[in-house]
Amino acid sequence: MKRHMQATELARDERFVRISTEERFNDPRQVPREPGSKRRPGPQLRPERHEAPDAARAMMHAIFTGEIQALEGAGRTCWDFEVGADSPFELKLDMARQCWDEARHCEISVKLGDHMGTEVGEYAENVVLFEAACNPDPVLRLTGVNRALEGLAIDVFNTMREYGQATADPVLEFCEDWMLADEVTHVKMGSDWLRRLTENDPERRARALEFQRVVDKLFSAGGFRGDEDDSPVKLARRFRELAGFTPAEVEEISQLSRQARAEADAAVR
Amino acid sequence: MADPKKPRPAFAPWDRRELPGAFTVEESARRVGHYKWVEMRLFEALGGWVATVPELDVKMRLGTHTYKHAWHAELWHKRLPELREMNPERLTQPANDDVVAFFDAMTEPEAPGETIEKLVGVYRVLIPHKIAAYTYHLNNTSQITDAPTIRSLRHALDDEFEDWRDGEMLIQSLIDTEEEVERAAAHQAQLEAILVRGGGIAGKGSIG
């Protein structure tokens, strides 16, 4: 088995349909937010909104495919790098632990999908998450995946947990709360390894944080995740701080999200 | 209530543990180093394969098993300094070149259509050998002086038996035709022959 595979090589059964990021952003179902505006970031998970149940199902499916890719990414980090100064034994143990956690999240997501009335393959899959997990530098990979993507997972799970509370769905709330606990652990893992592996290499740390910014902006998806009132996924500030983000770092993600939204608005004008 | 001052034997009548064992400290450390090397190669391979198997249930099981073998590697890593090996990397070695060749052959299947070969290598060849090697160690080492190794062996064996059953059931659920039976058997025979040449995961002189 070779080291370092491409996202295009990910193995899937025939139920899965893959789309590119471009196709996802050009989806005509991205209907306008307000009469005067040409776009909106996505449907909101508010119980009073008629589109909320469909949006929740779509998000659950996106969580499921994201968890598969997170599992695959952690697994490839176990395989792609030899034990050495760049990827210590303990780092690989953490990635193996993450494999188990992500496998459980896949199992939970499939069952929650059944519970919410969707099924595997009902929505398309975008593999941008795994693309971030293909970075050949283990520090950049860990930073992109464990801080940016798992950070997004914190925001998403918290949003879904609150939706479960608001819709009096104890199954959804219970499961999302458990997954949220795991994600905080994964983000903390990423923060700890970034600090340890770049302790004497500020230039590499700066590159890793820049890569994180790129991924964070990409995953803000034109304002899909942010601090605005109509952001479908809200920044979970408290949980991010638990995971080792400083208030300044959370604020930076909030700004990146606003920037991503402004750029997306400008693009459709 | 019994008189608390009355002398009692140090070993209760039902405690039949014995002092003698087949392994010295050095021999035990050598085997533990081989185990760590094997567990590392295994969890890395399982992790790498997750992305290459299209079957969703297999993908998720491999993810779970990846962690179990990483945890075994960690157990052995922590045991080495307790066996007077202060540089665990020195003993984290394969038993011989045949064991390396076995892992090279076991991790060769990569294509999405080779899930049977991937699973056969792990669950019909490697894990049965690990069960044998761990059991051989468990049953031959001193039950008193090497108790910490025994405890780790028992934890690892619990996982190995469970994972072997998971893997065997996955293999049986994937094999539908006589051709697939032959594919699985041929791959098993090829890998088994390499491991037999090496004397098993801990090398020649024992079982496993």
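Throughout, a chain's letter reflects where its sequence line sits, starting with A, and its residues are numbered from 1.
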Test salt bridge (Lys or Arg N to Asp or Glu O under 4.0 Å) applied to B:Arg61 and A:Glu107, step by step:
CA-CA 10 Å; B:Arg61 277 294 88 194; A:Glu107 293 168 346; 3.3 Å; yes
Taking atom [atom1] as the centre, does [X] end up with more than 12 heavy-atom neighbours from other residues, nucleotides or ligands that are less than 6.0 angstrom away?
X        : atom1 : answer
B:Asp97  : CG    : no
B:Arg154 : CZ    : no
B:Glu178 : CD    : no
B:Ile207 : CD1   : no
A:Lys188 : NZ    : no
B:Arg151 : CZ    : no

Note, A:Cys99 side chain near B:Val50 side chain (heavy atom, < 4.5 Å)
no
Any side-chain heavy atom of B:Lys59 within less than 4.5 Å of one from A:Ile68?
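A side-chain contact exists here, since the closest heavy-atom pair is under 4.5 Å.
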Is B:Lys118 close to chain A through its backbone or its side chain, or both, or neither, when contacts mean heavy atoms under 4.5 Å?
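Interface part for B:Lys118: neither.
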For B:Ala111, is it the side chain, the backbone, both, or neither that has a heavy atom closer than 4.5 Å to a heavy atom of chain A?
neither
Nearest 0.5 Å, please: how far is CE in B:Met60 from CZ in A:Arg104?
13.0 Å
So which residue, A:Leu10, A:Asp80, A:Leu71, A:Asp101, ends up with the most heavy-atom pairs under 4.5 Å with chain B?
A:Leu71
Just to verify, which of B:Trp71, B:Phe43, B:Tyr67 counts as forming a side chain to side chain contact (heavy atoms under 4.5 Å, CB included) with A:Leu93?
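The residue from B:Trp71, B:Phe43, B:Tyr67 that satisfies side chain to side chain contact (heavy atoms under 4.5 Å, CB included) with A:Leu93 turns out to be B:Phe43.
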Is [X] in contact with chain B via its backbone, its side chain, both, or neither, using a 4.5 Å heavy-atom distance?
X        : answer
A:Met95  : neither
A:Glu102 : neither
A:Glu14  : neither
A:Arg15  : side chain

Which atom pair, heavy atoms only, marks the closest approach of B:Ala51 to A:Arg76?
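Residues B:Ala51 and A:Arg76, closest heavy atoms: CB-CD, 4.1 Å.
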Selection from B:Leu62, B:Asp57, B:Thr52 maximising heavy-atom pairs under 4.5 Å formed with chain A:
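Answer, by heavy-atom pair count under 4.5 Å with chain A: B:Thr52.
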Chain A shares the most heavy-atom pairs under 4.5 Å, among B:His69, B:Glu89, B:His77, B:Glu108, with B:His77
Do A:Phe89 and B:Met40 pass the side chain to side chain contact (heavy atoms under 4.5 Å, CB included) test, and can you show the C-alpha distance, the side-chain angles, and the key distance before you say yes or no?
CA-CA 9 Å; A:Phe89 176 61; B:Met40 283 179 68; 3.7 Å; yes
Test your reading of the model: is there a side-chain donor-acceptor pair from A:Arg12 to the backbone of B:Pro54, 3.5 Å cut-off?
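No, because the side chain of A:Arg12 does not come within donor-acceptor range (under 3.5 Å) of the backbone of B:Pro54.
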